[in-house]
Amino acid sequence: MNQPSNLLDRIIRIEKRVEDIWKKVGLASAVIRRGGLTLLDDAYLRMVDDNNTEIVYIGPDQDGKQIIRIRRDSGADVLFTYTAGGRQFWALTDNARQIVVSDDAVSGQGIARPWLPIPVQTSRYDHLPSTPLTDWDQLQNTGYRPKQHPLWSVLIKHCTTAPDTKGEVRLVLDGVQVGTTIPVEYYNTWAGVGPFPVPGTHMSAHILELQARRTAGTGRVGASMAVEGLQS
């Protein structure tokens, strides 16, 4: 009788069938405690949801360039890398599939979007916001602005309107002076204040005031400011 041999053959066939089933099922769960996962030779990582929508893709595109793409449940992009002018760039997009933030691929430096406004200053000293008062007088303010950067920096242009006139300007953030008091005389010049920290939490509201006063003479003290947010 060949019963032992037949039994061994059956065990081998069962093991083979179990192995085939596991291959079809795929990896259900895994934990990597040490080391990592390395994909070689243009292999890719792909995550697909239960609606067959590709949510994450990391690997080569149709041209063989390595890309990262993250999508919403709808299939619309959230973040992706793409190629323009022979260089790759990354982009964040909104629900309407419009690019919100991206770097500039052509120049290889800085951002492409959003387009940021550039502050301007008046050139004529006699057109500056000004005051004849000897007490602190507000010339400009930012309005209540949300804190989006931890630091603000300010450039102030200042001048008096008459040779015999002198004055001072200062910045006041939420009622508290920031930086030093700046002397003002009868010539156009610039002064920088900051960067200085903005108190409060992200998106808290703050107002910055430019104040001036006359300390001598009969003319007016003028000044204007340009404000920008900075990283730490």
Side-chain angles (χ1 to χ4, degrees), residues 91-96 98-104 106-232:
L92 291 171
T93 59
D94 60 16
N95 275 297
Q98 303 297 318
I99 294 177
V100 178
V101 182
S102 67
D103 65 330
D104 191 83
V106 177
S107 69
Q109 59 181 325
I111 62 173
R113 295 186 186 178
W115 296 353
L116 302 178
I118 299 175
V120 298
Q121 293 272 12
T122 182
S123 298
R124 295 181 58 90
Y125 75 91
D126 53 344
H127 287 178
L128 292 172
S130 62
T131 180
L133 300 181
T134 56
D135 293 329
W136 287 113
D137 191 15
Q138 183 184 134
L139 301 184
Q140 290 182 320
N141 70 69
T142 59
Y144 282 95
R145 308 299 300 173
K147 176 184 177 181
Q148 295 182 324
H149 294 85
L151 304 176
W152 284 356
S153 182
V154 182
L155 188 62
I156 302 172
K157 183 176 185 178
H158 57 79
C159 186
T160 64
T161 59
D164 70 333
T165 303
K166 296 182 178 181
E168 296 175 328
V169 294
R170 69 177 184 179
L171 293 174
V172 175
L173 177 63
D174 299 332
V176 178
Q177 181 172 340
V178 292
T180 59
T181 300
I182 302 167
V184 182
E185 297 187 22
Y186 184 60
Y187 54 84
N188 262 321
T189 190
W190 302 83
V193 179
F196 51 86
V198 182
T201 58
H202 181 64
M203 298 304 290
S204 57
H206 304 275
I207 184 170
L208 182 68
E209 303 173 31
L210 174 63
Q211 299 179 352
R213 67 180 177 184
R214 191 180 67 197
T215 57
T218 58
R220 303 173 69 90
V221 179
S224 65
M225 65 176 176
V227 186
E228 61 181 353
L230 301 175
Q231 67 185 52
S232 296

Side-chain atoms of residues 187-197: list all donor-acceptor pairs with protein atoms under 3.5 Å, sequence neighbours left out, distances to 0.1 Å.
none

Rounded distance [0.5 Å steps], OG1 in T134 versus CZ in R214: 6.5 Å
Measuring from atom NE2 of H158 to atom CG of L139, what distance do you get when rounded to the nearest 0.5 angstrom? 12.0 Å
For V178 and V176, what are the C-alpha separation, side-chain angles and deciding distance, and is it a side chain to side chain contact (heavy atoms under 4.5 Å, CB included)? CA-CA 6 Å; V178 292; V176 178; 5.6 Å; no
Answer yes or no: is there a side-chain heavy-atom contact under 4.5 Å between V221 and T160? yes
How many angstroms lie between CD in Q177 and CH2 in W136, if you round to the nearest 0.5 Å? 6.5 Å
So D103 and I111, side chain to side chain contact (heavy atoms under 4.5 Å, CB included) or not? Walk me through it. CA-CA 4 Å; D103 65 330; I111 62 173; 5.6 Å; no
For the side chain of T142 and the backbone of L208, is there at least one donor-acceptor N/O pair under 3.5 Å apart? yes
Is there a donor-acceptor contact under 3.5 Å linking the side chains of T215 and E168? no
Apply the test side chain to side chain contact (heavy atoms under 4.5 Å, CB included) to residues L210 and L171: give CA-CA distance (whole Å), side-chain angles for both, the deciding distance (0.1 Å), then the verdict. CA-CA 5 Å; L210 174 63; L171 293 174; 4.0 Å; yes
P183 versus K166: any side-chain heavy-atom pair under 4.5 Å? no
Looking at every non-hydrogen atom in both residues, tell me the closest pair between A212 and V169 and how far apart they are. CB-CG1, 3.7 Å
N/O donor-acceptor pair under 3.5 Å between K157 side chain and S123 backbone: yes
If you look at every heavy atom in T165 and G219, which pair is closest and at what distance? OG1-N, 2.7 Å
Around atom CD1 of I118, are there more than 12 heavy atoms from other residues, nucleotides or ligands closer than 6.0 Å? no
For A226 and Q121, which heavy atoms make the closest approach, and how far apart are they? N-NE2, 3.4 Å
When rounded to the nearest 0.5 angstrom, what distance separates CD in Q140 from CG in L128? 8.5 Å
How long is the gap from CG on D135 to CD on Q211, to the nearest 0.5 Å? 11.0 Å
Going through the distances and angles, do M225 and I156 end up as a side chain to side chain contact (heavy atoms under 4.5 Å, CB included)? CA-CA 4 Å; M225 65 176 176; I156 302 172; 4.3 Å; yes
How many angstroms lie between CG in N141 and CD1 in I207, if you round to the nearest 0.5 Å? 4.0 Å
When you measure from the side chain of H206 to the backbone N and O of P199, does any donor-acceptor pair fall under 3.5 Å? yes
Please report, to 0.1 Å, the donor-acceptor pairs under 3.5 Å made by any side chain of residues 145-153, with sequence neighbours excluded.
residue : atom : partner : partner atom : Å
K147    : NZ   : V198    : O            : 2.7
K147    : NZ   : G200    : O            : 2.8

